[in-house]
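Since the structure comes first, as structure tokens, the remarks are kept for the end.
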There are 2 protein chains.
Amino acid sequence: MSYKQIIYTTAPTAAIDPSLTSGTFRVKTLQKPQNVPSDKLLVRAHYLSLDPAMRQWLTAKRSYIAPVEIGAVMRGQSIAQVISVGTDLSSKFQPGDWVVAYSGWTEYAILSAKEVEKVVVPPGGRPTDAMSVLGMTGLTAYFGMMEVGKPKAGETVVVSGAAGATGSIAGQIAKIQGAKRVIGLAGSKDKCEFLVKELGFDAAINYKDPDWKKQLKDATPEYIDVFFDNTGGEILDACLARAAKDARFAICGAISQYNSAKPQGPTSFMTVISQRVTMKGFIVFDYAKKYSAALQDLGSWLAQGKLKRKEHIVKGGIEGAPQALVDLYKGANTGKMMVEVAPVSEALPVKAKL
Amino acid sequence: MSYKQIIYTTAPTAAIDPSLTSGTFRVKTLQKPQNVPSDKLLVRAHYLSLDPAMRQWLTAKRSYIAPVEIGAVMRGQSIAQVISVGTDLSSKFQPGDWVVAYSGWTEYAILSAKEVEKVVVPPGGRPTDAMSVLGMTGLTAYFGMMEVGKPKAGETVVVSGAAGATGSIAGQIAKIQGAKRVIGLAGSKDKCEFLVKELGFDAAINYKDPDWKKQLKDATPEYIDVFFDNTGGEILDACLARAAKDARFAICGAISQYNSAKPQGPTSFMTVISQRVTMKGFIVFDYAKKYSAALQDLGSWLAQGKLKRKEHIVKGGIEGAPQALVDLYKGANTGKMMVEVAPVSEALPVKAKL
């Protein structure tokens with residue numbers, strides 16, 4: 001029996017090219033392994049996580065992580081199920097266990113215990129939560145807001161890419177923290193409605209409206225105390241121009257610039273001085289020691305209904321991942337974008353704990 | 001007897017125009033007041049402080065301070081001497097006292113007690129120190145380095161505008177704090193020599209050299225932990241590209257951009273995320289509660305010879321101030337730039353303390 005992987009083949013100069021014959025990636029077909037080494041697991045990926053950071057992983061610049069090598073399986077997390085367990089690991093894992101796997105874009109993978117984290121699906125929860133609201137995405141929103149943005153009661157918070165996986169959680173956390181006014185910037189009327197009606201944002205602005213800067217000004221009469229930025233570019237600039245004194249700008253991402261051969265920084269930079277703005281870039285990995293406390297907060301907010309999450313699942317199998325990634329940069333998603341490699345209905349039944 | 005003031009007349013669109021007939025400022029001649037109100041002082045300015053921030057004070061944008069109004073005396077500090085004292089203030093001041101005065105650009109001014117601060121000239125000191133190393137300039141360097149940059153032993157610190165009033169102090173403070181490597185960026189070979197030979201910087205780079213970026217790279221083999229920025233623009237960009245993980249960028253000024261109709265921010269902004277850089281703008285006024293402790297440090301470093309200061313005095317009277325300000329933006333100065341309105345030789349003798 002064979003399975004597929006998506007291999008990173010050609011470095012993009014600007015946007016990713018999703019063609020599997022002439023583009024950034026190729027499909028590779030392999031034979032499914034018969035035997036699992038004694039210290040490994042065989043896992044089957046069900047859902048691949050698609051993340052804005054991925055474009056940066058394909059750029060051979062100094063960054064927080066080494067770039068993916070040409071010829072390697074595309075890097076990424078998945079929600080996977082354990083299929084077979086090497087003899088040394090049989091006390092820790094059993095077939096049917098759900099794991100978050102550092103598998104990359106592959107249908108099957110042989111991994112060490114270090115490359116997976118077991119997922120305990122709470123009642124009412126979904127295995128995919130461990131990759132979104134209770135995974136790296138939720139943690140990124142959590143630390144960006146709690147450790148960098150630090151909204152105080154009564155403050156005004158703006159989130160860009162607010163209907164995305166991280167932004168949607170970040171805005172809700174600001175509200176939970178007592179922010180007076182949480183405003184989301186997103187790229188469609190539907191997304192804006194979702195933010196206000198379903199997630200409880202105080203306002204949402206479609207940055208594709210011709211008068212969005214005026215809307216932003218009107219929505220921030222007391223200026224912006226905290227800006228959680230996923231987009232960079234013109235939106236960052238507009239928010240800098242509205243920065244309150246001592247504002248904190250948590251720089252999480254700059255999706256508007258990732259595909260640009262010549263990225264653009266903020267031009268209304270003088271405000272950084274005049275309003276004493278702190279702009280701080282952050283990477284979730286730096287807070288690893290605080291993950292478990294953060295997950296407790298996120299889990300209890302989720303259980304209490306204070307935090308809502310949304311998934312945007314692209315069906316049709318692993319070969320759709322490159323196109324889905326391109327669509328992510330176009331803003332096709334509301335909530336966490338993932339590719340369904342195999343539906344949950346095909347999963348092994350989860351065995352009772354021994 | 002008459003005296004002169006420099007009046008802000010025409011808002012500049014880009015650079016300040018120093019012409020006193022058709023430019024940004026005009027001379028106004030007034031009669032010297034005969035009587036001093038009982039709650040006021042008559043002071044005579046000897047030295048005007050010229051500061052890069054002045055260009056921003058002429059811009060009607062939201063800032064940390066209201067812009068100077070058209071028709072008003074140009075704003076600025078001076079080192080002045082008390083000439084006459086109103087009866088209510090005679091227990092606090094006497095003729096001959098040196099003061100830092102919020103006088104603006106005027107030869108004489110009638111001020112309230114709140115608008116002056118008495119200067120105690122220490123043995124070996126100069127009255128003008130209270131406007132430079134022991135005044136706003138030194139305090140700006142101090143808080144930018146100690147509260148924002150926070151260099152630790154072993155770290156690499158870069159200062160732009162390093163031969164200027166603030167930069168030259170900032171770099172020396174970094175060295176006093178135990179920085180392993182302090183590198184100055186300046187605009188001439190002479191300035192670079194001054195930084196290394198007289199102030200003890202470990203290296204200095206002339207940003208007008210064609211290969212200055214390569215020199216910067218070579219001088220920062222362990223990247224940049226702290227950047228104290230006075231210039232903005234291309235220099236900020238080059239330093240961002242060399243930022244170490246968790247670097248602190250203290251944004252003090254952006255002199256390269258002040259005269260620009262369309263200021264430019266950093267373009268290598270992605271590094272802010274990948275290296276978790278903190279960029280923080282600051283204004284010295286925010287640290288007012290800590291001034292006296294800071295001045296103790298600065299004063300003792302100065303007395304111990306750990307801190308050296310340099311003055312760049314433009315002679316020829318108050319009418320030279322507009323041209324001197326234009327020259328400041330061209331980088332004509334090494335050290336604190338000031339305009340001599342009246343030499344110390346014309347000052348009243350300082351009376352002994354009662």
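Quick caveat: nothing in here was measured; it's all calculated off a predicted structure. Letters go in sequence order (proteins before strands), and every chain restarts at 1. The figures here come from the full heavy-atom set of this structure, side chains too, leaving out hydrogens, waters and symmetry mates.
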Is chain B contacted by the side chain of [X], its backbone, both, or neither, given a heavy-atom distance below 4.5 Å?
| X | value |
| --- | --- |
| A:V277 | backbone |
| A:M270 | side chain |
| A:Q257 | both |
| A:T271 | side chain |

Any side-chain hydrogen bond (donor to acceptor under 3.5 Å, both in side chains) pairs touching residues 137-148 of chain A, not counting sequence neighbours? A:T137-A:K336, A:Y142-A:D297, A:E147-A:K290
Ordered numerically, the heavy-atom neighbours of chain B under 4.5 Å found in residues 59-70 of chain A are A:R62, A:S63, A:Y64
Counting a contact as any heavy-atom pair under 4.5 Å apart, which residues of residues 155-171 of chain A contact chain B? none
Least distance between heavy atoms, B:G265 atom then A:F269 atom: CA-CB, 3.9 Å
Nearest heavy atoms of A:I251 and B:I273, plus distance in Å: CG2-CG1, 3.5 Å
For B:Q215, I'd like to know if atom CD has over 12 heavy atoms of other residues, nucleotides or ligands within 6.0 Å. yes
For B:Q177, does the CD atom sit with more than 12 other heavy atoms under 6.0 Å from it, leaving out its own atoms? yes
Who among A:Q56, A:Q275, A:Q264 has the most heavy-atom pairs with chain B under 4.5 Å? A:Q275
List the residues meeting ring-ring contact (aromatic ring centres under 6.0 Å, His included) with A:Y8, not counting sequence neighbours, and say none if there are none. none
Value for CZ (B:F282) from CG (A:D246), rounded to nearest 0.5 Å, stands at 13.5 Å
Is there a side-chain contact (heavy atoms from CB on, under 4.5 Å) between A:D286 and B:K245 once you walk through the steps? CA-CA 11 Å; A:D286 294 342; B:K245 181 168 172 287; 4.0 Å; yes
Between B:M279, B:R276, B:K280, which has the largest tally of heavy atom pairs under 4.5 Å with chain A? B:R276
Could you tell me which portion of B:A53 (side chain, backbone, both or neither) has an atom closer than 4.5 angstrom to a non-hydrogen atom of chain A? neither
